Student: 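What follows is a structure written as structure tokens; I'll ask about it next.
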Amino acid sequence: MNILSIQSWVAYGHVGNASAVFPLQRLGAEVWALNTVQFSNHTGYGAWRGQVFGAELIRELVTGIEERGVLGTCDAVLSGYMGDAAIGEAILEAVARVRAANPQAVYCCDPVIGDVGRGVFVRPGIPEFMRDRAMPAADIATPNQFELEWLTGRAVGTLAEAKAAVRALQESGPRCVLVTSLRVEDTPADAIEMLAAEGGQFWRVRTPLLPISVNGAGDAIAALFLFHRLRWGDVRVAVSSAASSIHGLLRRTAEAGSREILTVAAQDEFVRPSQTFVAEPC
Ligand SMILES: Nc1ncnc2c1ncn2[C@@H]1O[C@H](COP(=O)(O)OP(=O)(O)O)[C@@H](O)[C@H]1O
Ligand SMILES: Cc1ncc(COP(=O)(O)O)c(C=O)c1O
Ligand SMILES: [Mg+2]
């Protein structure tokens, strides 16, 4: 499996490609990583150094891969946090070029916009780009609850409202949707959920809520969900596997009291999660 992953890079710690690439490799995928920025560390620290790369670099790197004659062997494009809308356009061009070479290739877009509590944390124009440009091009989307609400203009307080919002999102583009960090009316106080949908079916998986707040888990979950969805062709298996691995990774991170997710130290969780959580139809 070959995955073109276009995301940010940090030298220290694990967000963006620095969160997504290693789990994919550990699971056996080849990753063609294009970095949209190179920062010293993630922006959650409040201070960082480094550079934002331009859309032109993305285009050039895709052209270089195309010139090797291998674009047709790309199974999926994965994108996450975008520095600005120009990078977004270059990513959509990359998707179009991959699809031209391999019509079976899928585009998985993590529409990073913001979070409950923090609100919108990306540059002006990005939320609209995600809604109006990226979602119509996506096969798979992995919004968190806040992003699902923003993209659809619907409040999500109950499971029924979450499902209605997912259906609305599917009408705008992605046939397969994973809602992360879902907390609705009937979610127990000590739990966190994900909701996955495809082909008119819905699946919900519940895991214990851990007393931590980390960066990079969203990037890892999008990568894991995409991998398992491609590998098994089954959304229930994909959401169950991804949830089990992410929970194991974050449990180990919480136990270590680490500010960065333990992508390397807890790598066995990607292959053999220590606890299994199974999604139920809903
Ligand atoms: N405090 C937590 N306790 C348990 N699981 C968590 C916690 N934070 C995140 N997760 C898991 O990681 C997934 C992605 O999390 P999150 O970082 O909220 O994504 P995003 O960056 O897209 O908002 C969640 O759906 C959940 O499964
Ligand atoms: C450079 C960069 N990329 C990606 C992310 C995404 O992190 P998360 O998965 O927590 O949304 C962040 C968050 O701080 C970041 O600073
Ligand atoms: Mg996210």
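Index from 1, following the sequence. Ligands are counted one by one from 1 in listed order, and the atoms in each one are counted from 1 as well. A quick note: this is a predicted structure, and the numbers were derived from the prediction, not measured.
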Student: Is R229 salt-bridged to D139, going by a charged N under 4.0 Å from an acidic O?
Tutor: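 So R229 does not pair with D139 through a salt bridge.
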Student: Ignoring hydrogens, just give me the one of P208, S181, G216 whose non-hydrogen atom is nearest atom 4 (C) of ligand 1.
Tutor: P208
Student: Using 4.0 Å as the upper bound for N to carboxylate O, is an ion pair formed by E161 and R154?
Tutor: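 Salt bridge between R154 and E161, a charged N being under 4.0 Å from a carboxylate O: no.
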Student: Considering only heavy atoms, does N215 approach ligand 2 within less than 4.0 Å through its side chain, its backbone, both, or neither?
Tutor: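 Both the backbone and the side chain of N215 come within reach of ligand 2.
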Student: Residue-level breakdown please: for T180 versus ligand 1, do any non-hydrogen atoms fall below 4.0 Å on the side chain, on the backbone, on both, or on neither?
Tutor: both
Student: Relative to the heavy atoms of I192, which atoms of ligand 1 are at a distance of less than 4.0 Å?
Tutor: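 So the atoms of ligand 1 that pass are 4 (C), 5 (N).
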Student: For ligand 2, which atoms sit closer than 4.0 Å to a heavy atom of V15?
Tutor: 2 (C), 3 (N), 4 (C), 5 (C), 15 (C)
Student: Spell out, as yes or no, whether a donor-acceptor pair under 3.5 Å connects the side chain of Q267 to the backbone of V264.
Tutor: yes
Student: Whether the side chain of T36 engages the backbone of Q7 through a donor-acceptor N/O pair (distance < 3.5 Å, no angle test) should be reported.
Tutor: yes
Student: Does the residue V112 have a heavy-atom contact with ligand 2, meaning some pair of atoms that are separated by less than 4.0 Å?
Tutor: no
Student: Heavy-atom pairs closer than 4.0 Å: do any link ligand 1 to the side chain of L250, the backbone, both, or neither?
Tutor: side chain
Student: N/O of L209 under 3.5 Å from N/O of ligand 1, yes or no?
Tutor: no
Student: To the nearest 0.5 angstrom, please state how far the CH2 atom of W9 sits from the NE2 atom of H42.
Tutor: 14.0 Å
Student: Polar-atom distance check: N144 versus ligand 1, any N or O pair below 3.5 Å?
Tutor: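 Min N/O separation from ligand 1 is below 3.5 Å for N144.
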Student: Within the 4.0 Å heavy-atom shell around S8, which atoms of ligand 2 are there?
Tutor: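 Those of ligand 2 that fall under 4.0 Å from S8 are 1 (C), 2 (C), 3 (N), 4 (C).
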Student: At a non-hydrogen distance cut-off of under 4.0 Å, which region of L210 contacts ligand 1 (side chain, backbone, both, or neither)?
Tutor: both
Student: Give the contacting part of L182 toward ligand 1: side chain, backbone, both or neither, where contact means a heavy-atom distance below 4.0 Å.
Tutor: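 Within the 4.0 Å criterion, L182 makes no contact with ligand 1.
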Student: Can you tell me if S241 and R231 form a side-chain donor-acceptor pair at under 3.5 Å?
Tutor: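 No donor-acceptor contact under 3.5 Å links the two side chains.
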Student: Which donor-acceptor pairs under 3.5 Å do side chains of residues 275-282 form with protein atoms, sequence neighbours excluded?
Tutor:
none

Student: Can you tell which of G218, A222, S19, G216 gets a heavy atom nearest to atom 10 (O) of ligand 2?
Tutor: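 Heavy atom nearest to atom 10 (O) of ligand 2 belongs to G216.
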Student: Both conditions, 6.0 Å and 45 degrees, for the charged tip of R167 above the ring of F202: are they met here?
Tutor: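 Output no; distance or angle outside limits.
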